[in-house]
Peer 1: 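Dumping the structure here so I can ask a few things about it.
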Amino acid sequence: QVQLAESGGGLVQAGGSLRLSCAASGRTFSTYSMGWFRQVPGKERAFVAAISRNTISTYYGDSVKGRFTISRDNAKNTVYLQMNSLKPEDTAVYYCAASPNTYALSYRDNYDSWGQGTQVTVSS
């Protein structure tokens with residue numbers, strides 16, 4: 001497992017942008033696929049985006065396609081989520097997660113390490 005710490009959340013107006021960062025500890029970051037999930041009170045944690053170990057493959061939830069971009073810098077042990085054209089329905093706590101697998105990256109159960117989350121609030 002790796003230790004994960006998110007940052008970059010905050011309050012933004014609809015149509016604005018934010019970039020989330022997730023710093024990972026340990027020397028094995030490049031062996032993990034990485035994902036972002038989000039959760040609102042009373043609902044299950046939902047898949048947002050994922051990226052493969054070698055950055056070649058990326059995956060997105062339908063609601064964020066074309067607006068969000070996931071990337072990673074293995075030299076810095078960091079994964080990013082660039083969020084553009086934000087909508088009020090994007091308001092949630094965003095979690096970074098690490099998976100030792102290369103498949104089924106939209107499934108929560110495929111991840112074995114999670115950060116504490118960072119709040120994103122989009123005002124209308």
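Sequential numbering from 1 along the given sequence is applied to the chain's residues.
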Peer 1: If the plane angle is over 60° it's perpendicular, under 30° parallel, otherwise tilted; pick one for F47 and F37.
Peer 2: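 Correct class here is perpendicular.
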Peer 1: To the nearest 0.5 angstrom, please state how far the CG atom of L4 sits from the OG atom of S113.
Peer 2: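 Separation between the atoms: 5.5 Å.
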Peer 1: Hey, quick one: are L81 and Y59 part of the same hydrophobic cluster, counting side-chain heavy atoms closer than 4.5 Å, chains of contacts allowed?
Peer 2: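 Shared cluster, no.
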Peer 1: Show, in sequence, the C-alpha distance, side-chain angles and deciding distance for L105 and Y111, and conclude whether the side chain to side chain contact (heavy atoms under 4.5 Å, CB included) test is met.
Peer 2: CA-CA 8 Å; L105 296 179; Y111 293 81; 3.5 Å; yes
Peer 1: Do V122 and V120 touch side chain to side chain, with heavy atoms closer than 4.5 Å?
Peer 2: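 Contact flag for V122/V120 side chains = yes.
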Peer 1: Would you find a donor on one side and an acceptor on the other, under 3.5 Å apart, between the side chain of N54 and the backbone of I56?
Peer 2: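 Such a contact is found between N54 side chain and I56 backbone.
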Peer 1: Do D112 side-chain atoms and Q1 backbone N/O form a donor-acceptor pair below 3.5 Å?
Peer 2: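 Pair absent, no side-chain N/O of D112 close to backbone of Q1.
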Peer 1: Tell me the closest heavy-atom pair linking A98 and M34, and the distance in Å.
Peer 2: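 Reported closest heavy-atom pair: CB-SD, 3.6 Å.
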Peer 1: For a 4.5 angstrom cut-off between non-hydrogen side-chain atoms, does T91 reach V40?
Peer 2: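 A side-chain contact is absent here, since even the closest heavy-atom pair is not under 4.5 Å.
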Peer 1: Is any side-chain heavy atom of S99 closer than 4.5 Å to a side-chain heavy atom of Y32?
Peer 2: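 S99 does not reach Y32 side chain to side chain.
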Peer 1: Side-chain contact test, heavy atoms from C-beta onward, threshold under 4.5 Å: evaluate it for F29 versus T78 and give yes or no.
Peer 2: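 The answer is no, as the side chains (C-beta and beyond) never meet within the 4.5 Å cut-off.
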Peer 1: Could you check whether any side-chain N or O of S57 sits under 3.5 Å from a backbone N or O of S52, counting only pairs where one atom can act as donor and the other as acceptor?
Peer 2: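 No.
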Peer 1: Testing I70, T69, L86, V48 one by one against V64 for a side-chain contact (heavy atoms from CB on, under 4.5 Å), which residue passes?
Peer 2: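 Looking at I70, T69, L86, V48, the match for V64 under the side-chain contact (heavy atoms from CB on, under 4.5 Å) is V48.
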Peer 1: So, R108 side chain and R45 main chain: donor-acceptor pair closer than 3.5 Å or not?
Peer 2: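 Yes.
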Peer 1: Do V12 and M83 have side-chain heavy atoms sitting under 4.5 Å apart?
Peer 2: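 Not in contact.
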Peer 1: Taking atom CZ of R72 and atom OG of S30, what is their separation to the nearest 0.5 Å?
Peer 2: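 Answer for the CZ-OG pair, R72 versus S30, is 7.0 Å.
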Peer 1: Taking only residues two or more places apart in sequence, or in another chain, which ones meet Y95 in a ring pair (Phe, Tyr, Trp, His ring centres under 6.0 Å)?
Peer 2: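 Here no residue qualifies.
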Peer 1: Would you mind reporting whether S63 and R38 have side-chain heavy atoms less than 4.5 Å apart?
Peer 2: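 R38 vs S63: side chains touch.
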Peer 1: Side-chain donor-acceptor contacts of residues 13-20 below 3.5 Å, not counting sequence neighbours, with atom names and distances?
Peer 2:
unit_1 : atom_1 : unit_2 : atom_2 : d
S17    : OG     : N84    : OD1    : 2.9

Peer 1: What about V2 and W36, same hydrophobic cluster or not, with Ile/Leu/Val/Met/Phe/Trp/Tyr joined at side-chain heavy-atom distances under 4.5 Å?
Peer 2: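 Yes; tracing contacts between hydrophobic side chains, which count when under 4.5 Å, links both residues.
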Peer 1: Would you check if the side chain of Q116 reaches a backbone N or O of A5 as a donor-acceptor pair within less than 3.5 Å?
Peer 2: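 Checked: no pair found.
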Peer 1: So, E6 side chain and C96 main chain: donor-acceptor pair closer than 3.5 Å or not?
Peer 2: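 Side chain of E6 to backbone of C96: a pair is present.
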Peer 1: What do you reckon, is CD of Q119 surrounded by more than 12 foreign heavy atoms closer than 6.0 Å?
Peer 2: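 Buried by this count: over 12 neighbours within 6.0 Å.
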Peer 1: Could you tell me whether K87 and D90 make a salt bridge, using a distance below 4.0 angstrom between a side-chain N and a carboxylate O?
Peer 2: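 Salt bridge flag = no for D90 with K87.
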